[in-house]
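In the text below, chain A, chain B and the rest are named by the order of the sequence lines, each starting its count at 1. Values below: every heavy atom of this structure, side chains too, minus hydrogens, waters and symmetry copies.
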Number of protein chains: 2
Amino acid sequence: MKIGFIGVGVMGKSMVKNLLKNGYEVEIYARQPEKVVDVVSEGAILISSIAALSKRNDIIITMVGFPRDVRSVYFDEDKILNNAKAGTIVIDMTTSSPSLAREVYLEAQYHGIQSLDCPVTGGSIGAKEGTLTIFGGGDQNAYEQVLPILKAMGKTVVYVGGPGLGQHAKLANQIGVAGAIAAVSEMIAYSKANGLDPKALVEVWNTGSAASTQLKVSAPRALSGDMTPGFFIKHFIKDMNLAIDETENKGIDLKMLHTVRDMYVKLAQEGFGDLGTQALVKYYEESEKDNGPKNN
Amino acid sequence: MKIGFIGVGVMGKSMVKNLLKNGYEVEIYARQPEKVVDVVSEGAILISSIAALSKRNDIIITMVGFPRDVRSVYFDEDKILNNAKAGTIVIDMTTSSPSLAREVYLEAQYHGIQSLDCPVTGGSIGAKEGTLTIFGGGDQNAYEQVLPILKAMGKTVVYVGGPGLGQHAKLANQIGVAGAIAAVSEMIAYSKANGLDPKALVEVWNTGSAASTQLKVSAPRALSGDMTPGFFIKHFIKDMNLAIDETENKGIDLKMLHTVRDMYVKLAQEGFGDLGTQALVKYYEESEKDNGPKNN
C-alpha cells in the first residue's frame, strides 16, 4: 500500500519518518519544499501537487493546521476527494471538527472513498518516538485495514466508533489538558504570591492527588521561563473552541473549559498565541500587573 | 517521646495505627469513645480530656475538621496551649488556614511550646498504608526532631519553610486537585453528550497529555456511580475557600479555582456536601436537567 502524506510540519515530519522506518513507501506534498529536505533525504518522495499525490496513492494521510485547512485539502477542486481513486482510504489526523469529519466521511463515500478521523495526542515527542496515542473514528473495516500504518506512528491506537468519534475523543482529551494546565498554572501563581518555592514542590505534589502529566512536563518548563511551543496556544484555543461548539444545544455547560479558553484568548490577544501552552502562567503575571504591585 | 493524638477520624485512625506499628506510645482523645475501640485494641491509650492528654505528652498531633476546630483545640482554656508543658512540640496535620497556623505558632511560642503545621495529602488509602505526603511548616529545628514520627505516617515528608508554609503547600496542592477533577468531570460530561463511551477511554486518555491521578482514581468511581467519599465535598470547599482567602489582596485572580469552587458550592447547596469529590460529575447532570432534555 502506497501512502501519501499531506502536512509535513513538526508532527507530520516525525510521523512520515516513522512510516519510512517501518518500510512504507511515502509520498509527500509540501507547500514549502525547502523545509522537507530532511524527510526526502530519509526516503520520502516529494510530489508537486495534492491532486497528483491523491491520484498516485492508496492511503492518504492529512496532518494540517485548522479545520479550514482540512476543508480545503479535502473539498477543493484540485485537492483530495476530487482526485483520489475509488477504494482509497483517507485518514485525517489533524485535530479538527467532529462535524466536519462526518461531512468528509459522507462526501468521500460519494466518491467511493473511505474516510477515517484519527487525531493524535502525545505531542512532538510522541510523534518522534512513535509513541502517539491515536483515536480512530469511522468504519471499523477501514480502520482495521490501516491499523498497521497507524501503529507505525503510535503506541496506543484505539478504535473509538463511527465517523467524528475519533475527533470527539481527542477533544475530550483536550478538555482534560485544559483543566490540568490551569491547575498547574494556578498552583504556581498561588505559590509565588504566598512565598512558596514551586520548583522545590513540583515533584512532591506529583506524588499525590494533584499529580498529572502537565505538572510533570509543563510546570518545569513554565518555572524555568521556557515558553517554547511543544503545543501552540493558538492551536489549543482552536481545540477548546471546537469542544465548546460541540456542547452547544446539548444542555451541558463546561464552565471550567470556558474559563480556561477565555484566559488563553486574552493571552493570544496580547500577542502570546505563538508561545507554548505552559505560558498560561503569564495570565496571572498579567493580572498581577493590572492590579498593581502585590501586597503580600 | 510520648505522643498525644487528637482527631481520630478516618484519617487519624490510620495514622495512629501506623504510629503504634512503629513502636510509639500513643494516647488519644475522642469525643465519641465508642468509635475508637479498634484503635484502643491495637494499643492506643484513651484519655478522657484534651487538657489531661496535653499535660501528659511530649508531642501533640491534631487532625481535626475545620479551622474553627483547630482554633478551639489549641486556644480554648481547657485545651492544648493552656495545658501542655513548656518544651512540648505540637503538630497540626489538619488542612487549615496558613494565617491561623501562624497565630498558633506565635501563641505556642508564648507558652514555650513549638508549633508545626504539617498537613497531608494522599487520602484515606495513603493514611492507611503510611504513604502520605506531608508538607512541613514551622521551625526547621522542631521539624527535624519530629521527622521520625512524621515518617511513620508518610512516605514523602518535606520541610517547606516557616510557619504557615506547610499549609500553603497543601492548599496549592488542592488547587491542583480542583483543576484535575474539573478536567475529569468535563471530559465525562462532554463524552456523554457526544455519544462517546468514557469508560472505554479513561485508560487511553491516561496515556497522554491529559493523564492525572484524578483521571486514574476518580473517573472510574464517578463512572460507576460510586460517590462514596474518599474526600468529602464539604471539606474540599473549605480547602478551596482557604486558598481563595490567601489570594485576596495579593494581585492574583485564580479564575479556574473560583469556577470550580462555585460549582462545588452549588452541589453542596443541593445537598451533596457529604458525597466524595468525584460527584462533581453531578453538576453537569444537574445543568442538563435545568436546560431541558439534551438535543443531540
Spacing of OG1 belonging to A:T259 relative to NE2 belonging to B:H258, to within rounding of 0.5 Å: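 Result: 11.0 Å between the selected atoms.
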
Interatomic distance, B:Y283 atom OH to A:L254 atom CG [nearest 0.5 angstrom]: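 If we round to the nearest 0.5 Å, B:Y283:OH and A:L254:CG are 10.0 Å apart.
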
[X], [atom1]: over 12 other non-hydrogen atoms inside 6.0 angstrom:
{"X": "B:K255", "atom1": "NZ", "result": "no"}
{"X": "A:K234", "atom1": "NZ", "result": "yes"}
{"X": "A:E103", "atom1": "CD", "result": "yes"}

Interface moiety of A:L201 toward chain B, non-hydrogen atoms closer than 4.5 Å: side chain

Region of A:P98 that comes under 4.5 Å of a non-hydrogen atom in chain B: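 It is the side chain, since no backbone atom gets that close.
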
Locate the shortest heavy-atom distance separating [X] from [Y]; write the atom from each residue and the value.
{"X": "A:A183", "Y": "B:G179", "value": "CB-CA, 3.8 Å"}
{"X": "A:D253", "Y": "B:Y284", "value": "O-CE2, 3.4 Å"}
{"X": "A:I252", "Y": "B:A193", "value": "CD1-CB, 3.7 Å"}

Among B:I181, B:I188, B:D262, B:V177, residue most engaged with chain A (heavy-atom pairs, under 4.5 Å): B:V177

Residue, of B:V160, B:D197, B:V158, B:V204, that accumulates the most heavy atom pairs under 4.5 Å with chain A: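 The candidate making the most pairs under 4.5 Å is B:V204.
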
For [X], which atoms come within 4.5 Å of any heavy atom of chain A: side chain, backbone, both, or neither?
{"X": "B:A178", "result": "neither"}
{"X": "B:A200", "result": "neither"}
{"X": "B:V184", "result": "neither"}
{"X": "B:S209", "result": "both"}

What residue in [options] has the most heavy-atom pairs under 4.5 Å with chain B?
{"options": "A:G208, A:S191, A:G164, A:A211", "value": "A:A211"}
{"options": "A:E186, A:M256, A:K170, A:M187", "value": "A:E186"}
{"options": "A:G161, A:A172, A:S212", "value": "A:A172"}

Expected output: side-chain B:E246 to main-chain A:N194 donor-acceptor under 3.5 Å: no

Minimum side-chain heavy-atom gap A:H168-B:Y190 below 4.5 Å: yes

Neighbours of chain A found in residues 213-220 of chain B - heavy atoms under 4.5 Å: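 Heavy-atom contacts from residues 213-220 of chain B to chain A are B:T213, B:Q214.
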
For chain A, which residues of residues 123-139 of chain B have heavy atoms nearer than 4.5 angstrom: B:T133, B:F135

